[in-house]
Amino acid sequence: MLESSQDNEEIIERIAALDIGKAELVCCVRIPGQGPGGRRRQEVSTYSTMTRSLLTMADRLRELGVTRVVMESTSDYWKPVFYLLEAAGFDTWLVNAKDVKHLPGRPKTDRLDAVWLCKVAERQMIRPSFIPPPPIRELRDLTRYRVDLIAARTAERSRVEKLLEDAQIKLSVVAWPATSSEPPDGT
């Protein structure tokens, strides 16, 4: 015997989804419609990824009462958009592109991707990726930059040593032992 279910479909009332490219992004916003019919209204717009345009988009989202903004993790293009919207106070989600599969045979355009992502997100059928809080992101950026600087320093030292050896100057043998990777004073 079939029984009635008490499950209420929880739909995020005011949501936006972004399909982000290098130069522009497509933003789909879905909000409740007017009247008792329950039909949802949607707006699809294209914005440049320049800061001024992103601020305009954030103002429009705020004007429409959007509470959550969802975007796919596309290369590194998502970072400036994510950080700006996060700073503007939106509940910003980054989702893995593999979690948002498209139906076979469905035409693929940026506009359709944004609409599809918005519909999936409003029904809470996806989960956000872990993005560390800002202090941890800053620390990670600093430590990664330090690693890059040390690697660049080591490469430059090796290049100078090779240049000197090509000129028949064996400075590394005299200045510090060949078995040590660091000079005696640690510089």
Side-chain angles (χ1 to χ4, degrees), residues 5-103 105-145:
S5 172
Q6 297 297 328
D7 296 338
N8 290 331
E9 187 177 273
E10 286 193 36
I11 291 182
I12 308 274
E13 279 198 5
R14 297 177 178 273
I15 191 161
L18 309 178
D19 186 77
I20 303 173
K22 184 174 186 174
E24 65 182 20
L25 62 84
V26 178
C27 175
C28 176
V29 178
R30 292 183 53 89
I31 60 175
Q34 303 290 337
R39 294 188 55 90
R40 306 215 6 112
R41 295 185 314 168
Q42 104 180 359
E43 173 182 289
V44 181
S45 307
T46 301
Y47 295 92
S48 164
T49 54
M50 299 298 185
T51 304
R52 181 174 293 145
S53 184
L54 294 176
L55 291 170
T56 301
M57 180 187 68
D59 290 341
R60 178 64 180 153
L61 296 177
R62 199 173 292 111
E63 176 185 311
L64 293 171
V66 170
T67 55
R68 181 176 296 165
V69 181
V70 179
M71 62 192 79
E72 287 185 26
S73 55
T74 307
S75 183
D76 281 343
Y77 303 149
W78 63 270
K79 287 182 178 182
V81 179
F82 184 94
Y83 297 155
L84 186 138
L85 292 173
E86 180 185 51
F90 292 98
D91 178 19
T92 313
W93 280 23
L94 180 71
V95 298
N96 192 326
K98 289 188 284 185
D99 292 344
V100 189
K101 297 284 186 197
H102 292 279
L103 298 174
R106 182 182 178 109
K108 180 155 175 37
T109 66
D110 292 345
R111 181 182 177 90
L112 289 175
D113 283 351
V115 171
W116 176 256
L117 180 59
C118 201
K119 287 180 178 182
V120 170
E122 79 180 353
R123 290 172 176 84
Q124 301 188 54
M125 296 171 63
I126 51 177
R127 63 184 192 283
S129 300
F130 173 72
I131 304 293
I136 302 298
R137 290 195 305 249
E138 290 172 17
L139 182 61
R140 288 170 72 180
D141 288 345
L142 285 173
T143 56
R144 287 175 179 164
Y145 183 58

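Everything numeric here is computed off the predicted structure, so don't read it as measured data.
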Spacing of Leu139 atom CG and Arg144 atom CZ [to the nearest 0.5 Å] | 10.0 Å

Residues Phe82 and Leu94: closest non-hydrogen pair is CE1-N, 4.0 Å

Measure the spacing between OG1 of Thr56 and CG of Leu61 and express it to the nearest 0.5 Å.
-> 11.0 Å

Shortest non-hydrogen pair, Leu18 vs Leu117, comes out as O-CD2, 3.8 Å

Could you go step by step and tell me if Val26 and Asp113 meet the side chain to side chain contact (heavy atoms under 4.5 Å, CB included) rule?
-> CA-CA 9 Å; Val26 178; Asp113 283 351; over 6 Å; no

Any side-chain heavy atom of Arg140 within less than 4.5 Å of one from Pro132?
-> yes

Value for CD1 (Ile11) from CD (Glu122), rounded to nearest 0.5 Å, stands at 5.5 Å

Non-hydrogen side-chain atoms of Glu86 and Pro134 separated by less than 4.5 Å | yes

Are Val120 and Val95 close enough that some pair of their side-chain heavy atoms sits under 4.5 Å apart?
-> no

Can you measure from SG (Cys28) to CG (Asp110) and round to the nearest 0.5 angstrom?
-> 12.5 Å

Minimal non-hydrogen separation, Tyr77 against Gly21, with atom names = CD1-C, 3.8 Å

Under a 4.5 Å cut-off applied to non-hydrogen side-chain atoms, are Asp19 and Thr109 in contact?
-> no

Are the side chain of Thr49 and the backbone of Lys22 linked by a donor-acceptor contact shorter than 3.5 Å?
-> yes

By ring pair (Phe, Tyr, Trp, His ring centres under 6.0 Å), which residues pair with Trp93, not counting sequence neighbours?
-> none

Might you point out which heavy atoms bring Cys27 and Ala16 nearest each other, and give the distance in Å?
-> SG-CB, 4.3 Å

Are Ile131 and Arg137 close enough that some pair of their side-chain heavy atoms sits under 4.5 Å apart?
-> yes

Nearest heavy-atom approach of Ala58 to Phe90 is O-CZ, 3.5 Å

Any donor and acceptor pair, going by atom type alone, linking the side chain of Arg123 with main-chain N or O of Lys119 inside 3.5 Å?
-> yes

Student check: side-chain heavy atoms of Arg40 and Pro32 closer than 4.5 Å | yes

Hey, are the side chains of Met57 and Leu25 touching, using non-hydrogen atoms and a 4.5 Å cut-off?
-> yes

Rounded distance (nearest 0.5 Å) linking atom OG of Ser45 with atom CD of Glu24 | 12.0 Å

Shortest non-hydrogen contact from Ile12 toward Ala121 | CG1-O, 4.0 Å

Can you check whether Leu64's main-chain N or O pairs, donor with acceptor, with Arg14's side chain at less than 3.5 Å?
-> yes

Are the side chains of Leu85 and Met71 in touch, meaning some heavy atoms are under 4.5 Å apart?
-> yes

